[in-house]
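This report refers to the structure that appears directly beneath it.
What you are looking at is a predicted structure, and each value in this text was computed from that prediction instead of being measured. Residue indices begin at 1 and follow the sequence shown. Both backbone and side-chain heavy atoms feed into the values below; hydrogens, waters and symmetry mates do not.
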Amino acid sequence: MLHYTEMHLNRASSERKSNDWIIAQMRGDSHWLLIDDDKNLVDTETCQLITLLFSEVKEFHLDNAVFLGLDGQESYFALDISKSANKDHLTLPHGAHFVDMRQVGPQLPPTMASVGVLAKGLCYWHNTHQFCGRCGTKNISVEAGHARKCLNPECRHMTFPRTDPAVIMLVTHMFSDGIERCLLGRQAQWPDGVYSTLAGFVDPAETLEQAVIREVKEEANIDVAEVKYLASQPWPFPSSLMLGFIAKATTTDIAVEQDELDHAQWFSRSELDAFLEWGVDAPGFKLTRKDSISRYLLEHWRAS
């Protein structure tokens with residue numbers, strides 16, 4: 001199962017538009033996920049996402065609280081305390097630290113990892129959309145944090161959270177020696193030895209399949225066909241949806257432009273078996289993180 005795909009909360013899209021309903025949810029059996037500088041509050045000793053009670057967060061400014069959803073009768077909220085003066089007086093549980101979700105996501109229970117990245121993603125959106133995109137006036141959070149409304153009475157434009165679609169693709173080819181290989185590339189800023197499937201954002205007026213073909217050509221000068229969708233993954237790092245594909249290469253000569261990739265190479269399944277894990281402090285080729293759809297695509301192909 002792909003990481004961050006097991007969202008179990010009922011988002012209550014209709015109910016959350018009522019301020020009275022939201023207030024009742026806050027004061028009831030509510031769980032609060034705190035965000036500070038795009039990081040989630042985690043118990044680093046047990047690797048559990050920490051949620052606080054309403055009584056522990058009520059001293060914060062709650063107008064910017066984001067309703068995440070319901071688990072039965074229990075409600076979940078996210079609250080960004082990055083700019084709050086009260087955060088220095090917050091007493092955190094033993095072992096609690098604000099941590100980047102990429103560091104702990106694979107170790108968290110799948111459902112709570114999904115809730116954690118939802119909280120992170122929505123708080124990031126609010127922080128980066130403080131002003132109206134039409135007239136430049138300040139806007140405010142409405143609909144329990146699922147929209148922002150311009151304060152200009154002549155505009156009143158409503159903005160909603162956006163997700164940037166990105167394609168990620170495993171490109172394969174059966175070579176003349178009878179061995180099937182996959183195309184992997186790396187960027188210069190990645191840790192030494194790490195190679196990943198190719199990826200890129202979808203352009204306006206472009207189908208997903210067209211994006212796959214264009215990105216592989218731009219990054220490695222490889223032509224592909226038989227583009228087939230496999231799976232998708234929310235990727236709020238900061239605000240993407242990764243759409244995974246498998247494609248067949250019709251050419252094999254790699255040419256890399258330095259502004260796209262630092263290097264690209266064909267690898268067989270047996271060569272992948274010798275790859276080290278991300279984070280291993282040793283020389284050699286390394287796989288991508290276990291929580292990534294890139295890793296999922298590779299494992300799918302290796303098992304086929």
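The closest side-chain donor-acceptor pair between Thr44 and His97 falls under 3.5 angstrom. Judged purely by distance below 3.5 Å, without hydrogens or angles, the side chains of Ser30 and Ser75 never pair a donor atom with an acceptor atom. Side-chain contact of Ser18 with Asp20: a donor-acceptor pair under 3.5 Å is absent, judged by distance alone.
Electrostatic pairing of Asp273 and Arg302 counts as a salt bridge here, judged by a charged N lying under 4.0 Å from a carboxylate O. Using a 4.0 Å cut-off between charged nitrogen and carboxylate oxygen, Glu154 and Arg134 do not count as a salt-bridge pair. Ion pairing between Arg295 and Glu277 holds under the 4.0 Å rule for side-chain N and carboxylate O.
Of the inter-residue distances, the one linking Arg181 atom CZ with Phe175 atom CZ reads 5.5 Å to the nearest 0.5 angstrom. Atom OG of Ser84 and atom CG of Asp36 lie 9.5 Å apart (nearest 0.5 Å). To the nearest 0.5 angstrom, Leu151 atom CG is 9.5 Å from Cys132 atom SG. Here the straight-line distance linking atom OG of Ser196 with atom CG of Leu198 works out to 7.5 Å at 0.5 Å rounding. Asp71 contributes atom CG, which lies 9.0 Å from atom CE of Met112 (distance to the nearest 0.5 angstrom). Atom CG of Leu208 is separated from atom CE of Met169 by 11.0 Å, given to the nearest 0.5 angstrom.
Tyr124 pairs in a side chain to side chain contact (heavy atoms under 4.5 Å, CB included) with only one of the listed residues (Thr128, Leu122, Asn127), which is Thr128. For the side-chain hydrogen bond (donor to acceptor under 3.5 Å, both in side chains) criterion with Asn139, the lone passing option out of Arg148, His126, Gln130 is Arg148. With Phe98 as reference, Leu92 is the one residue of Ile35, Asp37, Leu92, Val42 to meet the side chain to side chain contact (heavy atoms under 4.5 Å, CB included) rule.
A pairwise comparison of heavy atoms in Ala247 and Val212 identifies CB-CG1, 4.4 Å as the closest pair. Here the shortest heavy-atom pairing between Ala211 and Val202 reads CB-CG2, 4.1 Å. Contact record, Ala78 with Cys123: CB-SG, 4.1 Å, taken as the closest heavy-atom pair.
Counting heavy-atom neighbours within 6.0 Å of Asp253 CG, excluding the residue itself, gives a total of 12 or less. Heavy-atom neighbours of Asp192 CG from other residues, nucleotides or ligands within 6.0 Å: at or below the threshold of 12. Counting heavy-atom neighbours within 6.0 Å of Arg27 CZ, excluding the residue itself, gives a total of 12 or less. Summarising the local packing, CD of Glu257 is surrounded by 12 or fewer heavy atoms from other residues, nucleotides or ligands at distances under 6.0 Å. Other residues, nucleotides and ligands contribute only 12 or fewer heavy atoms inside 6.0 Å of the CG atom of Asn19. The number of heavy-atom neighbours closer than 6.0 Å to NZ of Lys87, taken from other residues, nucleotides and ligands shown, is above 12.
Between the side chain of Asp43 and the main chain of Thr46, a donor-acceptor pair closer than 3.5 Å is present. Proximity of a side-chain donor or acceptor of Glu260 to a complementary backbone N or O of Ala220 within less than 3.5 Å is not detected. Using modelled atom types, no side-chain atom of Arg16 and backbone atom of Phe67 make a donor-acceptor pair closer than 3.5 Å. Remark: the backbone N or O of Glu226 is not paired with any side-chain donor or acceptor of Lys228 at under 3.5 angstrom. No donor-acceptor pair closer than 3.5 Å links the side chain of Gln107 to the backbone N or O of Cys47. Asn86 places a side-chain N or O within 3.5 Å of a backbone atom of Glu59 that can act as its donor or acceptor partner. Checking side-chain atoms of Gln103 against main-chain N and O of Asp100 turns up no donor-acceptor pair under 3.5 Å. Although no hydrogens or angles enter the test, the distance criterion places no donor-acceptor pair under 3.5 Å between the side chain of Glu45 and the main chain of His94. Between the side chain of Thr137 and the backbone N or O of Cys150, no donor-acceptor pair lies under 3.5 Å.
No single ILVMFWY cluster, assembled from side-chain heavy atoms under 4.5 Å apart, contains both Ile168 and Leu243. In the hydrophobic clustering of ILVMFWY residues, with side-chain heavy atoms under 4.5 Å counting as a link, Met26 and Tyr76 come out apart. Under a hydrophobic clustering in which Ile, Leu, Val, Met, Phe, Trp and Tyr are joined whenever their side-chain heavy atoms come within less than 4.5 Å, directly or via other members, Val57 and Leu118 fall into different clusters. Hydrophobic clustering, with ILVMFWY side chains joined whenever heavy atoms are under 4.5 angstrom apart, keeps Leu68 apart from Leu79. A chain of hydrophobic side-chain contacts below 4.5 Å, direct or via other Ile, Leu, Val, Met, Phe, Trp or Tyr residues, connects Tyr229 to Val227.
Seen from the ring of Trp125, Arg162 does not count as a face-on cation partner, given the 6.0 Å and 45° thresholds. Cation-pi geometry between Lys138 and Phe131 is satisfied (NZ or CZ under 6.0 Å from the ring centre, within 45° of the ring normal).
Using cut-offs of 30° and 60° on the angle between ring planes, the pair Trp32 and Phe77 is parallel.
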Where do Asp291 and Trp235 land on the side-chain contact (heavy atoms from CB on, under 4.5 Å) test, with the steps shown first?
CA-CA 10 Å; Asp291 65 338; Trp235 198 248; 4.0 Å; yes
Residue pair His263, Tyr195: steps toward the side chain to side chain donor-acceptor pair (under 3.5 Å) verdict:
CA-CA 9 Å; His263 186 251; Tyr195 277 74; 2.6 Å; yes
I'd like to know whether Trp301 forms a side-chain contact (heavy atoms from CB on, under 4.5 Å) with Thr172, so could you lay out the CA-CA distance, the side-chain angles of the two residues, the decisive distance to 0.1 Å, and finally the verdict.
CA-CA 9 Å; Trp301 177 69; Thr172 67; 3.5 Å; yes
Dump the intermediate steps for side-chain contact (heavy atoms from CB on, under 4.5 Å) on Lys120 and Phe237, then the final yes or no.
CA-CA 9 Å; Lys120 171 185 169 65; Phe237 304 107; 3.5 Å; yes
